[in-house]
Each structure stands twice: as structure tokens, then as C-alpha cells.
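Working notes, beginning with the structure itself.
Every heavy atom of this structure was used, including side-chain atoms; hydrogens, water molecules and symmetry mates were not.
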Amino acid sequence: MRKEYRTISEVVGPLMLVKDVEGVKYDELVEIEQADGNIRRGRVLEINGDKAMVQLFEGSQGLRISDSKARFLGHSIELDVAPDMLGRVFDGMGKPKDGGPALIAEKHLDINGTAMNPAARDYPSEFIQTGISAIDGLNTLVRGQKLPVFSGSGLPHANLAAQIARQAKVLGSDEKFAVVFAAVGITFEEADFFINDFRETGAIERTVTFINLANDPAIERISTPRMAITAAEYLAYDLGMQVLVIITDITNYAEALREVSAARKEVPGRRGYPGYMYTDLATMYERAGRIRGNKGSITMIPILSMPEDDVTHPIPDLTGYITEGQIILSRELYRKGLTPPINVLPSLSRLKDKGIGKGKTREDHADTMNQLFSAYSRGKDAKELAVILGDAALSDTDKLYAKFADEFETRYVSQGYYTNRSIEETLNLGWELLKILPKSELKRIKDVYIEKYYKEA
């Protein structure tokens with residue numbers, strides 16, 4: 001046990017200053033023992049000479065510094081990991097929240113981890129099936145990719161997150177697949193929704209769940225995503241599993257970061273967020289991927305709600321720089337009653353070309369994807385023209401494209417939250433919709449695929 005100090009000099013909000021310390025390290029865990037035996041925990045945020053700034057997890061309310069002592073534990077926050085963590089629900093600090101027993105730990109891992117060495121990275125190249133056509137068919141998720149979902153306040157990103165966690169799988173029977181689900185700063189009702197959904201559908205058996213509620217301390221919000229990624233690293237690189245990490249909502253994480261930064265009186269950056277937010281987000285996102293020579297992989301879907309639907313807001317802006325694309329939810333489609341309301345045109349998966357084609361999905365995937373994008377875009381333009389000039393201004397071909405756009409939204413994009421489509425079903429549906437257009441309009445598809453699939457659709 002490390003040395004104890006009775007030199008706590010001041011407390012401001014969640015921050016506490018301890019003087020005359022020796023050998024204390026940044027990010028080290030601290031226990032503050034009060035006169036009545038109550039223990040609070042914190043971590044070292046800053047060291048200046050013999051002074052240590054400690055951030056309290058439970059806040060400082062009711063803490064009497066005159067008769068409290070600080071004990072530095074010599075290590076940072078750790079997560080106990082073991083194979084039987086699958087199927088369990090933990091809080092934001094890694095303690096069981098499901099009423100079950102504590103884990104018998106195989107390892108104690110530092111949750112801060114390290115970003116993956118770029119030289120050791122393997123290029124993402126295998127397809128992950130989410131069962132959602134707008135993602136699988138048009139913005140394909142690839143094993144080892146970081147693909148965020150940009151949502152807006154009030155949009156159903158929670159339903160989409162639950163659907164992906166429930167349905168996602170890798171093709172190939174010999175692959176062990178797991179989901180690590182982290183809910184950051186959510187309400188009790190949302191937490192209840194996720195846990196009940198996973199239990200009812202059986203998805204909880206292959207899921208490790210971390211739940212941080214809105215009334216939990218801000219510091220816990222900062223540790224929750226790192227807990228999830230640490231659990232994923234263990235499952236992927238120690239147990240050789242294909243792991244999908246879903247984190248919702250990154251906006252709550254960034255707000256907690258801003259709160260702590262303000263308490264430290266740091267100079268604020270854009271919109272009051274700390275200037276190091278890009279680096280901070282990158283230390284999380286860059287831990288996903290594949291390591292050369294290791295069977296396991298970590299694929300990440302961070303979900304964030306854009307304040308005021310502003311894609312240039314610092315949180316989506318910085319996330320977009322670090323990750324490989326984005327899935328954007330549309331308020332317009334949501335108002336039309338389409339579920340999930342994925343706006344496929346501004347959405348993008350930068351690695352989709354690496355995970356599709358013969359031997360991965362199907363040989364016609366790339367061509368049909370390009371044709372569907374093109375036809376939907378032209379159909380939307382035709383509909384906008386009709387609004388301004390009336391239907392009479394449209395040519396017969398334009399009317400077909402407008403019809404295609406409507407059918408595409410209601411049949412392809414809108415599939416509900418409990419329809420799980422295989423990639424074959426998604427591709428066949430794409431061909432079925434393309435039959436609305438004359439064969440001469442399918443200029444982005446090779447003739448050999450038109451001969452094979454157009455008549456079969």
C-alpha cells in the first residue's frame with residue numbers, strides 16, 4: 001500500500017489539491033478516506049512539483065478535508081477481464097451492475113491502453129453484415145473500420161444502435177463474434193430499453209455491456225468508453241474474437257470532457273471544448289483495427305448526436321477527421337416515418353470498396369451500389385424539379401426516376417428495426433428496384449451482371 005497523506009489543502013468542485021507528495025504519477029488512482037471510514041476515489045490529473053491535483057469520481061459534496069487522508073495506489077484505473085464477462089452488464093467503472101457476482105479476473109488491464117502501432121496495422125478488408133440494407137448495400141462496414149453514426153437530438157439512434165448490436169455478424173461459421181456496447185450518459189429509461197432488448201432477443205449472450213447513467217459523475221463518463229475498448233482489446237487480441245464496439249453517445253462524453261476542463265480553468269477551444277479534444281478522441285478511436293498476424297479485430301461504431309443538427313460542430317467535425325466515413329440520420333426521412341432514417345447520399349464508408357465483391361459479398365455489389373446511388377440522386381433531383389415546375393415539366397424518364405426514389409426510400413431504406421436482411425436479400429432488392437428503370441439507363445453496371453441478375457430479379 002502506498003504512503004498516506006494528510007495534506008489535502010483545498011477542494012473546488014470535483015478537484016482536490018494534495019501537497020507535499022512524492023513519487024506520484026499522472027493518472028494514478030487515489031483513495032480519500034474520511035474520518036467515518038467512508039472512502040471516495042479519484043485520479044491524479046496534474047502534478048506540479050510536490051503538489052498533485054486529484055479529480056474526484058463521486059464529487060466533493062460533504063467532504064471534510066481537515067480529517068481526511070489521501071492514499072495513492074500506484075496504478076491507474078484498471079478493468080478486470082475474463083472470458084465470462086460476455087453476457088454481463090457493468091457500470092462505467094467496470095463494476096457488475098446486473099446483480100451477478102464479481103468477475104474472477106484473468107487479467108487487470110489499464111483502461112488507457114495505447115493507440116495501435118501504424119506499422120502493425122492490417123488493412124481492413126472483410127465484410128461485416130449488420131442486416132441493414134442502407135449500410136450493407138451502400139455504405140458497407142468493414143472489419144477493423146471506425147464508422148460513426150451522426151444523429152440529431154430526438155432521432156432514433158438508440159433503436160439503430162440496438163439493431164446493429166442485435167443483428168451484426170461476420171460471415172463464416174468458424175468466426176467467434178462479440179459485441180461490446182457502451183452507453184454513455186444515458187437516462188434510466190434508455191438503459192432499461194437496451195438491457196431488455198438484448199435480453200429478449202438473446203443478443204446479451206455475446207455482448208459485454210457498460211452503462212453510465214446521466215446522474216453518474218462526469219469523470220465516470222470519461223472512463224466508460226475506455227472500459228469498453230479495453231474489454232474489446234482483451235476479447236479480440238487475447239481470445240481471437242471479431243469484436244464490434246458500439247459507443248453511444250459520444251456527445252455526452254465530450255460534454256463531460258468540457259466540464260472537467262472548465263473545472264481545471266483551462267483555456268477553452270471551439271465552443272468551450274478543450275483544445276486537446278481531437279487528441280483525446282483519437283486516443284480512443286485509434287485503438288480499433290486489426291493487428292497483423294492476430295486473428296481478432298475491433299470494429300467501432302461511435303454514435304453521436306450533433307447539437308442543432310450541425311455537422312460542422314466540433315464533435316462530429318473532429319470525429320469525421322479521425323474515422324473512415326459516417327452514417328448520417330436524416331430528420332426529413334424521420335418525419336416521413338422511414339425507419340431507420342439513414343440518409344444514404346451524404347453518408348459514406350471510405351473502406352466499403354475493400355469489403356465487397358466476389359468472395360466477400362457478391363460480384364455485382366460494387367456496380368449495383370453505384371447505380372443505386374446514381375438513380376436515387378437523379379430521382380431526388382426530379383422530385384425537386386416537379387415541386388418547382390410541376391409534373392408536366394418532367395420527361396417520362398424523369399418520372400421513372402422520381403418513382404424509383406420513392407420506392408427506394410420506402411422499400412430499401414425503410415425496413416424497420418426488427419428486419420434482418422442478409423446481403424443476398426439486400427442485393428436482390430436493389431435489382432428489383434432497378435427494374436423500375438429501363439435497361440438502357442443502367443449505365444454503371446457491366447453487361448454481364450445485367451444479363452445474369454436483371455432478368456432474375
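Distance alone, capped at 3.5 Å, places no donor-acceptor pair between the D122 side chain and the I291 backbone. Under a 3.5 Å cut-off, the side chain of Q129 and the backbone N or O of I423 do form a donor-acceptor pair. When atom types are taken as modelled, the side chain of R331 and the backbone of G154 share no donor-acceptor pair closer than 3.5 angstrom. Checking side-chain atoms of K360 against main-chain N and O of K354 turns up a donor-acceptor pair under 3.5 Å. Distance alone, capped at 3.5 Å, is enough to place a donor-acceptor pair between the N252 side chain and the V184 backbone. Within the 3.5 Å criterion, the main-chain N or O of S305 finds a donor-acceptor partner in the side chain of T251.
What you find for G131 and Q415 is that their closest heavy atoms are O-NE2, 2.8 Å. Of all non-hydrogen atoms in M16 and V11, the two that sit nearest each other are CG-CG2, 3.7 Å. For the pair F150 and G320, the tightest heavy-atom approach, listed with the atom from each and the gap, is CZ-N, 4.2 Å. Here the closest non-hydrogen pair linking I342 and L333 is O-CD1, 3.3 Å. Contact detail for R40 and G62: the closest heavy-atom pair is NH2-C, 3.8 Å.
For residues 13-49, no residue pair satisfies the ring-ring contact (aromatic ring centres under 6.0 Å, His included) rule, not counting sequence neighbours. Applying the ring-ring contact (aromatic ring centres under 6.0 Å, His included) test to pairs two or more places apart or on separate chains, those with a residue in residues 308-353 are Y273-H313. The side chain to side chain donor-acceptor pair (under 3.5 Å) analysis of residues 146-160, with sequence neighbours excluded, yields the pairs K146-E324, S151-H157.
Checked by atom type, the side-chain pair S297/Q242 shows a donor-acceptor distance below 3.5 Å. Side chain to side chain, Y253 and D280 meet the donor-acceptor criterion of an N or O pair below 3.5 Å. Using a 3.5 Å distance cut-off with no hydrogens or angles, the side chains of N212 and D91 do not pair a donor with an acceptor. Side-chain contact check for T201 and R166: no donor-acceptor pair (N or O, by modelled atom type) lies under 3.5 Å.
Using a 30° and 60° split on the angle between ring planes, Y5 and F72 fall in the perpendicular class, above 60°.
Put simply, the side chain of F181 reaches to within 4.5 Å of the side chain of F198, judged on heavy atoms. For the pair T368 and L427, the minimum side-chain heavy-atom distance is below 4.5 Å. Side-chain contact between I229 and M284 is present, with at least one heavy-atom pair separated by less than 4.5 Å.
Scanning for side chain to side chain contact (heavy atoms under 4.5 Å, CB included) contacts around T279 gives an empty result, with sequence neighbours left out. Annotation: side chain to side chain contact (heavy atoms under 4.5 Å, CB included) contacts of S261 (sequence neighbours excluded): E266, P274, Y276. Qualifying side chain to side chain contact (heavy atoms under 4.5 Å, CB included) partners for S68, counting only residues two or more places apart in sequence or in other chains: I8, I32, Q34, L63.
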